[in-house]
Protein chains: 2
Amino acid sequence: MESRIDRIKKQLHSSSYKLTPQREATVRVLLENEEDHLSAEDVYLLVKEKAPEIGLATVYRTLELLTELKIVDKINFGDGVSRYDLRKEGAAHFHHHLVCIECGAVDEILEDLLGDVEAVVEDKYHFEIKDHRLTFHGICHRCQKKANEEAESSKSHV
Amino acid sequence: MESRIDRIKKQLHSSSYKLTPQREATVRVLLENEEDHLSAEDVYLLVKEKAPEIGLATVYRTLELLTELKIVDKINFGDGVSRYDLRKEGAAHFHHHLVCIECGAVDEILEDLLGDVEAVVEDKYHFEIKDHRLTFHGICHRCQKKANEEAESSKSHV
DNA sequence: ATTGGTGCAAACAATTTGCAGTTAG
DNA sequence: CTAACTGCAAATTGTTTGCACCAAT
């Protein structure tokens with residue numbers, strides 16, 4: 001069976017790019033940390049553990065390349081840093097994000113909730129949608145639970 | 001009748017901030033360019049036309065302050081620049097954006113299309129939504145029209 | 001007087017680029 | 001072999017900060 005790396009290699013080759021060891025190491029780090037939303041610096045530090053000779057500029061260049069090929073998506077949650085998120089295979093659309101304003105955690109919503117909304121945008125606004133970004137800011141379920149527990153315990157101590 | 005500036009002035013005062021001439025000039029620029037999505041630099045250049053002695057740092061500080069007070073929203077369309085967008089008065093939620101990947105234009109959708117989606121997110125993912133960001137990337141109606149016309153005209157020339 | 005606000009220049013942080021040397025296909 | 005790629009350091013860009021001075025209560 002064909003691995004995810006193999007498929008990415010083909011994508012590179014079909015645009016006459018090479019899969020160098022540095023690029024492979026970078027992609028592996030992304031695969032191993034699919035749940036996270038790593039910044040370029042984060043990726044650099046993780047790659048460095050396995051391939052210490054790599055330079056930060058190369059990581060940036062690789063991430064840019066992968067973004068161009070739509071293998072990763074570049075996202076920005078409003079702090080000054082770009083983060084990079086592997087596209088789920090076969091996903092027609094970019095997934096959605098839940099950013100917790102308490103603890104900073106970023107959760108993902110993989111199902112596409114925007115079908116109806118996109119139909120409205122295409123019809124009513126005559127906009128041909130190629131991609132979307134949807135992020136909710138609020139309180140994640142963990143912080144809600146924590147807040148409830150604290151309210152409980154302080155009540156019992158009064 | 002109370003002007004928009006007056007109301008903003010009150011908001012500042014109620015948090016014990018002053019409406020200095022520099023801040024007023026900055027707010028006026030935002031009001032006069034409500035349709036646009038100005039970067040800090042853009043705002044700075046426009047303010048400078050009226051009040052040449054203002055410094056870029058002051059503009060940054062003012063925009064930060066206005067963001068804090070939820071008078072403007074800070075957005076980021078993926079180029080490395082933050083843009084600032086006046087909140088529509090009375091709008092419970094941040095409006096949506098349509099970014100054209102052809103011409104770079106940014107159009108706004110003022111109606112809130114996310115009601116149903118937010119209900120799902122709150123119920124199914126137990127996430128308490130405080131705000132959202134929704135941006136579509138694609139081809140705006142103007143560029144679609146242009147592309148069609150060009151296709152037409154080249155056809156007639158064959 | 002005291003607190004908050006300003007302009008300027010310097011500091012910072014994230015990202016990009018020039019270049020001489022290296023390597024995958 | 002050769003166009004693509006790399007590491008490094010320097011350059012660039014957007015934004016923030018320190019500080020001495022100014023303005024409004």
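Predicted, not measured: the structure shown is a model, and the values here were computed from it. Lettering follows sequence order; numbering is per chain, from 1.
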[atom1] of [X]: more than 12 outside heavy atoms within 6.0 angstrom?
{"X": "A/E35", "atom1": "CD", "answer": "no"}
{"X": "A/K50", "atom1": "NZ", "answer": "no"}
{"X": "B/D116", "atom1": "CG", "answer": "no"}

Can you find a side-chain donor-acceptor pair between B/H132 and B/E118 that sits under 3.5 Å?
-> yes
Sub-3.5 Å pairs of nitrogen or oxygen atoms, protein against nucleotides 8-11 of chain D:
none

Write down the distance between [atom1] ([X]) and [atom2] ([N]), rounded to a whole number of angstrom.
{"X": "A/L56", "N": "C/dT17", "atom1": "CG", "atom2": "P", "result": "14 Å"}
{"X": "B/E64", "N": "C/dT6", "atom1": "CD", "atom2": "C1'", "result": "15 Å"}
{"X": "B/D42", "N": "D/dT15", "atom1": "CG", "atom2": "C1'", "result": "15 Å"}
{"X": "B/Y17", "N": "D/dA23", "atom1": "OH", "atom2": "P", "result": "22 Å"}
{"X": "B/R23", "N": "C/dG5", "atom1": "CZ", "atom2": "P", "result": "4 Å"}
{"X": "B/L19", "N": "D/dT25", "atom1": "CG", "atom2": "C1'", "result": "15 Å"}
{"X": "A/K9", "N": "D/dC5", "atom1": "NZ", "atom2": "P", "result": "14 Å"}
{"X": "A/L12", "N": "C/dA24", "atom1": "CG", "atom2": "C1'", "result": "12 Å"}

Salt bridge or not for A/K146 and A/E102, using N-O below 4.0 Å?
-> no
In terms of side-chain geometry, is the basic nitrogen of B/K74 or B/E64 positioned less than 4.0 Å from the acidic oxygen of its partner?
->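 Between B/E64 and B/K74 there is no salt bridge, as every charged N stays at least 4.0 Å from the carboxylate O atoms.
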Give one of base, sugar-phosphate or nothing for A/S82, where a contact means two heavy atoms less than 4.0 Å apart.
->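 Sugar-phosphate contact only.
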Between A/K18 and B/A40, which has a closest nucleotide on DNA chain D that is more 5'?
-> A/K18
Can you check whether [X] has a side-chain N or O nearer than 4.0 Å to OP1 or OP2 of [N]?
{"X": "B/T20", "N": "C/dT6", "answer": "yes"}
{"X": "B/Y60", "N": "D/dT16", "answer": "no"}
{"X": "B/T58", "N": "C/dT6", "answer": "no"}
{"X": "A/Q22", "N": "C/dA24", "answer": "no"}

Determine the minimum heavy-atom distance between B/Q144 and B/I139, stating which atoms define it.
->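 Scanning both residues completely, I find the closest heavy atoms to be NE2-O, 3.0 Å.
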